[in-house]
Amino acid sequence: MRPLYLHEVIDIRGEQAVPYMERSVLAFRSETTDRGLELYGTWYVMGSTGRWPQVVNIWEMADGWDGWERLCRSTNLRRESNEELAQWWREAYERRTGGFDRLLGAVAGTRTLADLEREPVTATLFVHELTRVRPGAALDYLEAVREEWAPVAADHGHLLVGLFEVLMGDSEVCTVWATDLESHVEMGKAADAACGFGGGSVPADERIPAWRARAREFTTRWREELMIPCPGTPMGPATWAS
């Protein structure tokens with residue numbers, strides 16, 4: 001049974017992104033809220049790259065569809081009787097206005113919480129991609145990302161950590177990469193140089209535009225944004241950057 005994940009895009013009130021993230025780290029213990037979720041990561045979207053103010057949370061359900069069933073019962077079917085969860089919602093709405101959720105199914109190449117415990121990953125910057133694919137092409141595209149693109153991205157300091165099929169639909173996938181700002185800039189320069197926009201010190205990498213052409217065999221729209229992880233999360237740093 002593959003692990004499932006709850007992917008939340010949360011619209012934040014004013015300057016409440018960091019308090020919301022820190023509350024997410026402390027909240028939703030399975031033994032008190034009966035949700036069966038473990039926090040995979042909480043990040044705020046870098047405002048220069050996406051909608052702001054916004055937070056992205058990803059929660060792991062290691063027991064797959066059984067965990068999804070518990071989640072649906074505790075947060076929806078018996079929502080009114082879940083007093084501890086009701087308290088969380090009251091506090092959360094002081095910091096958020098709403099959001100958009102997705103149910104994700106992990107595929108080979110995803111680093112689960114169990115994987116991260118065995119081989120820790122820590123990063124100061126993450127690339128978050130939501131990609132539209134041709135109906136039915138999700139799994140083929142994700143396999144191509146793992147086999148063809150991940151080795152190239154790794155040469156530019158980007159480590160693939162999340163490779164997800166968006167469930168309850170057939171035309172969207174989500175990928176998450178751990179990196180740092182220097183590597184993000186270096187990859188951008190290498191891609192520009194390969195497309196004829198050179199002039200910098202970074203050599204061209206023709207594999208980058210070649211991959212983008214290959215990806216169009218599966219995709220209809222692609223967009224990435226940068227995210228900052230909260231300290232105290234499985235892949236986050238020990239403290240906020242100073």
Side-chain angles (χ1 to χ4, degrees), residues 5-29 33 35 37-61 75 85 87-104 106 110-113 116 120-131 153 156-164 166 172-188 221-242:
Y5 294 79
L6 177 64
H7 177 283
E8 300 180 302
V9 177
I10 302 144
D11 295 321
I12 296 295
R13 296 181 184 273
E15 296 291 336
Q16 294 298 313
V18 170
Y20 187 89
M21 295 162 66
E22 292 175 340
R23 183 72 176 88
S24 295
V25 173
L26 298 175
F28 286 125
R29 303 302 183 192
T33 59
R35 298 208 321 165
L37 296 180
E38 296 291 339
L39 184 63
Y40 187 74
T42 179
W43 303 262
Y44 72 80
V45 176
M46 186 181 291
S48 302
T49 67
R51 182 176 176 82
W52 55 271
Q54 202 164 74
V55 164
V56 173
N57 281 358
I58 302 179
W59 306 84
E60 183 179 282
M61 291 170 275
T75 61
L85 192 54
Q87 177 62 29
W88 157 258
W89 275 322
R90 285 191 291 270
E91 294 177 4
Y93 273 113
E94 296 176 2
R95 300 187 173 101
R96 68 185 184 187
T97 60
F100 188 93
D101 292 356
R102 294 172 173 87
L103 176 64
L104 307 179
T110 297
R111 293 172 184 252
T112 66
L113 289 175
L116 294 170
V121 171
T122 300
T124 55
L125 189 71
F126 286 75
V127 178
H128 176 237
E129 297 171 312
L130 289 170
T131 303
H156 295 277
H158 289 64
L159 177 66
L160 180 62
V161 294
L163 202 62
F164 306 108
V166 177
E172 192 176 31
V173 301
C174 175
T175 46
V176 181
W177 307 77
T179 187
D180 55 57
L181 182 57
E182 292 77 13
S183 296
H184 164 71
V185 170
E186 188 271 342
M187 180 182 278
R221 187 176 68 186
W222 161 83
R223 188 182 74 83
E224 69 179 28
E225 60 193 10
L226 301 181
M227 307 189 302
I228 309 299
C230 182
T233 49
M235 292 179 284
T239 61
W240 292 107
S242 58

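Taking 4.5 Å as the limit, some side-chain heavy atom of L125 sits within range of a side-chain heavy atom of M46. Within the 4.5 Å cutoff, the side chain of R23 has no heavy atoms near those of the E94 side chain. With a 4.5 Å cut-off on side-chain heavy atoms, M61 and L37 count as touching. Here the side chains of Y5 and T112 are in contact, with some heavy-atom distance below 4.5 Å. V56 is not listed as a side-chain neighbour of I10, based on a closest heavy-atom distance of 4.5 Å or more. Put simply, the side chain of R111 reaches to within 4.5 Å of the side chain of L159, judged on heavy atoms. Contact of the R51 side chain with the V45 side chain is not registered, since no non-hydrogen atoms from C-beta on lie closer than 4.5 Å. At least one side-chain heavy atom of Y20 sits less than 4.5 Å from a side-chain heavy atom of R96.
Y44 approaches A17 most closely through the heavy-atom pair CB-CB, 4.3 Å. Of all heavy-atom pairs between M21 and P229, the closest is CE-C, 4.1 Å. For the pair A178 and V121, the tightest heavy-atom approach, listed with the atom from each and the gap, is CB-CG1, 4.0 Å. The minimum heavy-atom distance between T179 and G157, with the atom names listed, is OG1-O, 2.9 Å. For the pair R223 and G50, the tightest heavy-atom approach, listed with the atom from each and the gap, is NH1-CA, 4.1 Å. Counting all heavy atoms, side chain and backbone alike, L160 lies closest to V176 at CD1-O, 3.8 Å.
Rounding to the nearest 0.5 Å gives a distance of 15.0 Å between CD1 of I58 and CD of E38. A distance of 11.0 Å separates CG in L163 from CG in L104, rounded to the nearest 0.5 Å. Residue T42 holds its OG1 atom at 7.5 Å from CH2 of W59, rounded to the nearest 0.5 Å. Rounding to the nearest 0.5 Å gives a distance of 6.0 Å between CG of L39 and CG of N57. Of the inter-residue distances, the one linking H7 atom NE2 with L103 atom CG reads 11.5 Å to the nearest 0.5 angstrom. To the nearest 0.5 angstrom, Q54 atom CD is 12.0 Å from E8 atom CD.
For the pair R95 and Y93, the cation does not sit on the ring face, since its NZ or CZ is not both under 6.0 Å from the ring centre and inside 45° of the axis.
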- Task: Please assess F126 against M235 for the test side-chain contact (heavy atoms from CB on, under 4.5 Å), listing each intermediate value before the final yes or no.
- Result: CA-CA 10 Å; F126 286 75; M235 292 179 284; 3.6 Å; yes
- Message: Please evaluate residues L226 and V127 with respect to the criterion side-chain contact (heavy atoms from CB on, under 4.5 Å), reporting the C-alpha separation (whole Å), side-chain torsions for both, the decisive distance (0.1 Å), and the verdict.
- Response: CA-CA 5 Å; L226 301 181; V127 178; 3.8 Å; yes
- Item | Test side-chain contact (heavy atoms from CB on, under 4.5 Å) applied to V9 and R102, step by step | CA-CA 9 Å; V9 177; R102 294 172 173 87; 3.9 Å; yes
- Task: Step by step, work out the side-chain contact (heavy atoms from CB on, under 4.5 Å) result for Y40 and V161.
- Result: CA-CA 11 Å; Y40 187 74; V161 294; 4.2 Å; yes
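The environment of CH2 in W52 is sparse: at most 12 heavy-atom neighbours from other residues, nucleotides or ligands sit within 6.0 Å.
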